[in-house]
*Asks:* 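I'd like to ask some things about the structure below.
Note that ligands are numbered from 1 as they come in the structure, with each ligand's atoms numbered from 1 the same way.
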Amino acid sequence: MKGLNLALTIIGLTALTALVSCSESHFKEDKIYAGGVYAPAKALNDGKSVYTEYCMPCHGVNGDGKGTSAKGLSVPPRNFLLGQYKFGRVVSGELPHDEDFYKILREGLTGTAMLPWKELSDTQMFNLVQYIKTFAPTKWDGADKKLGDVIVVTKDPYGEAHKESAIQRGKEVFHAVAQCWTCHRAYVSHAEFSEINQKINGKPVTEFDPEMYHVKLQPNDYGYSSMPPEFTYDSVRSAKTVEELYIRLNAGVGGAAMPSWKGVLQDDEIWAVAHYVKSLMDLKNTPERQKLLDAAK
Ligand code: HEC
Ligand code: HEC
């Protein structure tokens, strides 16, 4: 009898210690977030433990992006305290939807330390995302807060059949309508640049920006500077297809210099420039890449 009592006391004590050591940081209350998303306390607690195991090394104990493995990464992990995100399917600056985070978790951000997390279950992803929101309560807490409108993918007016004319039109948009080259760099010769500008803006170019063939580092809201990708070489982080590029161009990159082109360019111009950027991405590791760069310098 005595032995049993002792055993029970030990079990009781162990349980108590476990309770005390965890209770400090455990969530006891459910939360209601922007867009009316309901996060039970249990989901937040479960999310926290998965976060601690998988995400903390980079994103940090406090979510500030300064985990032990973050040192030396050329693209720093997101600082979740800011409540600002780059790759939602919403116009830059608006709050993304849970589904946007799931996509990033499933696919990763190409070319960065943010890898795909294929082993996470749907429940784990839900819990993680709800937990991440606790780092930025002023942005997320409250059912009255709004999420951004999801970018609607219209019908591609070009499609595979008219891909070549899309690329041609996209090249004009890139170099003479939207001036994407001012941050990203130009991909045509001086002569072609002048020709395109003559066609689109009614006058030739005689004086050329000496920096037109260089990508230019841009300050961002995260406290460091982002390099615009050189599409024939660098990774595009959130888009592999023309459709995903269309979404990214409409959305922009949140908190970074890359603006949203929604309402700035016509919808068919956005499709065209998405096809053009994809054609540049397809040159990666091909002999044609060098030919293009030799012509554009
Ligand atoms: C090896 C380091 C590393 C680990 C581990 C890691 N991340 Fe990241 N994460 C990054 C980097 C780097 C970025 C920033 C990429 C960028 O700015 O393009 C990022 C960005 C993000 C973003 C921001 C997306 C946006 O639209 O701005 C989210 C959300 C995110 N990570 C969630 C997670 C979660 C959840 C985990 C754990 C399952 C995790 N990360 C694990 C490195 C990491
Ligand atoms: C004011 C400077 C600026 C202009 C103008 C600009 N961009 Fe960007 N762009 C950036 C920066 C900076 C990034 C990198 C952002 C980051 O990941 O932090 C970027 C990223 C991108 C990406 C990659 C997104 C990803 O998922 O990694 C694409 C595609 C892109 N820009 C296309 C364009 C196109 C097309 C235009 C013109 C219609 C354009 N940009 C105009 C600065 C600019």
*Asks:* Quick test of your reading of the model: are D282 and K278 salt-bridged, counting only N-O distances below 4.0 Å?
*Replies:*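 Salt bridge: yes.
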*Asks:* Distances under 3.5 Å, N/O of ligand 2 against N/O of the protein: list each pair and its distance.
*Replies:*
| residue | atom | partner | partner atom | Å |
| --- | --- | --- | --- | --- |
| ligand 2 | 7 (N) | H184 | NE2 | 2.8 |
| ligand 2 | 9 (N) | H184 | NE2 | 2.9 |
| ligand 2 | 17 (O) | R237 | NH1 | 3.0 |
| ligand 2 | 18 (O) | K86 | NZ | 2.9 |
| ligand 2 | 18 (O) | S226 | OG | 2.8 |
| ligand 2 | 26 (O) | R237 | N | 3.4 |
| ligand 2 | 26 (O) | S238 | N | 2.8 |
| ligand 2 | 26 (O) | S238 | OG | 2.6 |
| ligand 2 | 27 (O) | R237 | N | 2.8 |
| ligand 2 | 31 (N) | H184 | NE2 | 2.8 |
| ligand 2 | 40 (N) | H184 | NE2 | 2.7 |

*Asks:* Which ligand 1 atoms, with their elements, are less than 4.0 angstrom from a heavy-atom of I132?
*Replies:* 35 (C)
*Asks:* At under 4.0 Å between heavy atoms, which part of I104 makes contact with ligand 1: side chain, backbone, both or neither?
*Replies:* side chain
*Asks:* Would R78 count as being in polar contact with ligand 1, using the rule that some N or O on each side must be under 3.5 angstrom apart?
*Replies:* yes
*Asks:* With a 6.0 Å cut-off on ring centres, are F101 and Y85 close enough?
*Replies:*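 Under 6.0 Å, so yes.
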*Asks:* Is ligand 1 under 4.0 Å from a heavy atom in the side chain of V129, in the backbone, in both, or in neither?
*Replies:* neither
*Asks:* Near F101, which atoms of ligand 1 are under 4.0 Å from a heavy atom of that residue?
*Replies:*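 Those qualifying, in numeric order: 29 (C).
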*Asks:* For H59, is at least one N or O under 3.5 Å away from an N or O on ligand 1?
*Replies:* yes
*Asks:* Taking only heavy atoms of L105 into account, list the atoms of ligand 1 that are under 4.0 Å away from them.
*Replies:*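 Here the atoms of ligand 1 in question are 34 (C), 35 (C).
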*Asks:* So, are E192 and K199 salt-bridged, with charged N and O less than 4.0 Å apart?
*Replies:* no
*Asks:* Side chain or backbone of L115 under 4.0 Å from ligand 1, or both, or neither, by non-hydrogen atoms?
*Replies:* neither
*Asks:* Heavy-atom pairs closer than 4.0 Å: do any link ligand 1 to the side chain of Y51, the backbone, both, or neither?
*Replies:*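 The answer is neither.
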*Asks:* Taking the basic N atoms (NZ, or NE/NH1/NH2) and the acidic carboxylate oxygens, is any pair closer than 4.0 Å for R78 and D64?
*Replies:* no
*Asks:* Could you tell me if the ring centre of Y246 sits under 6.0 Å from that of H275?
*Replies:*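 No: the rings miss the under 6.0 Å criterion.
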*Asks:* Run the salt-bridge test on R89 and E94 with the 4.0 Å N-O cut-off and return the result as yes or no.
*Replies:*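 No, no charged N to carboxylate O under 4.0 Å.
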*Asks:* Of the side chain and backbone of P76, name the one, both, or neither that has a heavy atom under 4.0 Å from an atom of ligand 1.
*Replies:*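 Answer for P76: backbone.
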*Asks:* Hey, can you tell me if F231 and H184 have their rings parallel, tilted or perpendicular (30° and 60° cut-offs)?
*Replies:* parallel
*Asks:* Run the numbers for me: atoms of ligand 1, each under 4.0 Å from some heavy atom of C55, listed by number.
*Replies:* 34 (C), 35 (C), 36 (C), 37 (C), 38 (C), 39 (C), 41 (C)
*Asks:* Side chain, backbone, both or neither: which part of W117 has a heavy atom under 4.0 Å from ligand 1?
*Replies:* side chain
*Asks:* Is the distance between the ring centroids of Y54 and W117 under 6.0 Å?
*Replies:*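 Judged by ring-centre distance (under 6.0 Å), W117 and Y54 do meet the cut-off.
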*Asks:* So among W261, Y276, F193, which one has a ring-ring contact (aromatic ring centres under 6.0 Å, His included) with F174?
*Replies:* Y276
*Asks:* So, K103 and E107, do they make that salt bridge, N to O below 4.0 Å?
*Replies:* yes
*Asks:* Is the gap between the ring centers of Y51 and F135 under 6.0 Å?
*Replies:* yes
*Asks:* With salt bridge (charged side-chain N to carboxylate O under 4.0 Å, His left out) as the rule and sequence neighbours excluded, what pairs involving residues 257-271 come up?
*Replies:*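 Every salt bridge (charged side-chain N to carboxylate O under 4.0 Å, His left out) pair that includes a residue of residues 257-271, provided the two are not neighbours, is R169-E269.
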